[in-house]
Amino acid sequence: GIPGKMGARGAPGAAGNPGWTGQRGAMGFPGRRGINGFNGQPGRKGSRGETGLRGRMGPMGSQGLAGPKGDTGAMGMAGANAVVLTSAFSVALGTSDTSVGVPIAWQRIIYNGDGDFQASSGIFLCRISGVYRFTYIFQIYTMNAYVVFKVNGAIVWSTFQSFNSYYEVASASLIIGLNHGDKVWLEIKDDCHGVTKASTFIGHLISPCRIK
C-alpha cells in the first residue's frame with residue numbers, strides 16, 4: 001500500500017553512560033616566543049638587617065711605597081752631657097782717633113770669652129760655621145762718619161751719618177751666615193771718621209750650621 005505520513009517527533013531519550021577514556025594524543029608543536037613584558041616597578045626598600053658577626057682578620061698586605069719626607073722637627077732640648085757651642089764678643093773704642101781704610105782698632109774688650117775677636121787686628125775670625133748677629137753703634141761728633149761692614153774684604157753693609165753741630169748716632173744690626181775661617185770687621189771710609197770713643201761693636205753666634 002501507500003506509505004503513511006511521518007509521525008510527530010518523539011521525546012528525547014535518556015542520557016547514555018560515559019564512554020571509555022581515549023588514548024593520549026601526540027605532543028603538539030612548540031608555540032611562538034611571546035613578547036617580553038615590561039620591567040616592573042622597583043620594590044620598596046627593605047628594613048636594615050642585623051649586623052653580622054665580625055670576620056676573621058685577613059693576611060697582612062705587602063709594604064707600601066715610602067711617603068714623602070716630612071718637615072724638619074723642632075730642635076730638642078740639650079742633653080745632660082751636651083756641649084753648647086758659643087762664640088761672642090763685645091768691644092768699644094778707647095779713643096776717638098781712628099784710622100781710615102783699615103779695620104777699626106777696638107781698645108776696650110768688654111767680652112771675648114771665646115777669643116774669636118782678634119783685638120790686635122780688630123777682626124772677628126769665625127771659628128764655628130753658622131748664623132751670626134752683629135750690631136754696631138757709633139756716636140758721631142765733630143764731623144761726618146762713614147762706616148762699612150766687611151766680610152772677607154767685601155762690603156756687606158754701609159752706614160753714613162752727617163754731623164749737625166751736636167752728637168749724632170749711626171747704627172746697624174745684621175744677621176749673616178759665616179763659615180769657618182771667614183773674617184768680619186768694620187772700617188772707616190772716605191776720611192769720614194767723626195766717631196767717638198763711646199762706640200761699640202757686638203757679635204754672637206745664633207745657630208751653628210754649615211753655610212752653603
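Between Leu85 and Leu205, the closest heavy-atom pair is O-CD2, 3.8 Å. Smallest separation of non-hydrogen atoms from Ile188 and Val100: O-CG1, 3.5 Å. Between Pro208 and Ile128 the shortest heavy-atom distance is CB-CG2, 3.9 Å. Of all heavy-atom pairs between Gly122 and Pro103, the closest is O-CB, 4.3 Å. The shortest heavy-atom contact between His204 and Ala88 is CB-CB, 3.7 Å. Residues Asn112 and Ile109 approach most closely at CB-CG2, 3.6 Å, considering heavy atoms.
Atom NZ in Lys197 sits 14.0 Å away from atom OG1 in Thr98 (nearest 0.5 Å). Put simply, OG1 on Thr200 and CG on Leu93 are 8.5 Å apart, with the number rounded to the nearest 0.5 Å. Here OG of Ser162 is found 4.0 Å from CG of Asn164. Values are rounded to the nearest 0.5 Å. Here Cys192 contributes atom SG and Phe163 contributes atom CZ; the two are 13.5 Å apart, rounded to the nearest 0.5 Å. Distance CG/Asp190 to OG/Ser158: 10.0 Å, rounded to 0.5 Å. Here the CE atom belonging to Met143 is positioned 13.0 Å from the CD atom belonging to Gln161, to the nearest 0.5 angstrom.
Aromatic ring orientation, Phe134 versus Phe124: perpendicular (interplanar angle above 60°, classes split at 30° and 60°).
Counted within 6.0 Å of NZ on Lys183, heavy atoms from surrounding residues, nucleotides or ligands total 12 or fewer; the atom is thus considered open.
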- Message: Pair Val102, Glu187 - check side chain to side chain contact (heavy atoms under 4.5 Å, CB included), show working.
- Response: CA-CA 6 Å; Val102 296; Glu187 191 175 301; 5.6 Å; no
- Message: One pair to check against side chain to side chain contact (heavy atoms under 4.5 Å, CB included): Ile137 and Val169. What are the steps and the verdict?
- Response: CA-CA 7 Å; Ile137 303 173; Val169 173; 3.9 Å; yes
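Within the 4.5 Å cutoff, no side-chain heavy atoms of Ile176 are placed close to those of Val131. Between Ser173 and Arg133 there is a side-chain heavy-atom pair separated by less than 4.5 Å. Residues Ile155 and Phe149 are not in side-chain contact: their nearest non-hydrogen atoms beyond the backbone lie 4.5 Å or more apart. Residues Ile123 and Val184 have side chains not in contact (no heavy-atom distance under 4.5 Å, counting atoms from C-beta outward). Counting heavy atoms from C-beta outward, Ile110 and Val91 have side chains that stay 4.5 Å or more apart. Two residues are said to be in side-chain contact when any heavy atoms from C-beta on lie closer than 4.5 Å; Thr95 and Gln107 meet this criterion. Residues Ser121 and Trp185 form no side-chain contact, since every pair of their non-hydrogen atoms from C-beta on lies 4.5 Å or further apart. Residues Asn144 and Tyr146 form no side-chain contact, since every pair of their non-hydrogen atoms from C-beta on lies 4.5 Å or further apart.
Under a hydrophobic-cluster definition in which Ile, Leu, Val, Met, Phe, Trp and Tyr are linked whenever side-chain heavy atoms come within less than 4.5 Å, directly or via other members, Trp157 and Ile202 are assigned to different clusters. Both Val156 and Tyr132 belong to a common hydrophobic cluster when Ile, Leu, Val, Met, Phe, Trp and Tyr are linked at side-chain heavy-atom distances under 4.5 angstrom. When the side chains of ILVMFWY residues are joined at heavy-atom separations under 4.5 Å, either directly or via intervening members, Leu186 and Phe117 end up in a single hydrophobic cluster. Under a hydrophobic-cluster definition in which Ile, Leu, Val, Met, Phe, Trp and Tyr are linked whenever side-chain heavy atoms come within less than 4.5 Å, directly or via other members, Leu178 and Leu174 are assigned to the same cluster.
Checking Ser87 against Arg127 by side-chain atom types alone, no donor-acceptor pair falls below 3.5 Å. One side chain, Thr159 or Tyr136, offers a donor N or O that lies under 3.5 Å from an acceptor on the other.
Between Phe89 and Phe201, the distance from one ring center to the other falls under 6.0 angstrom.
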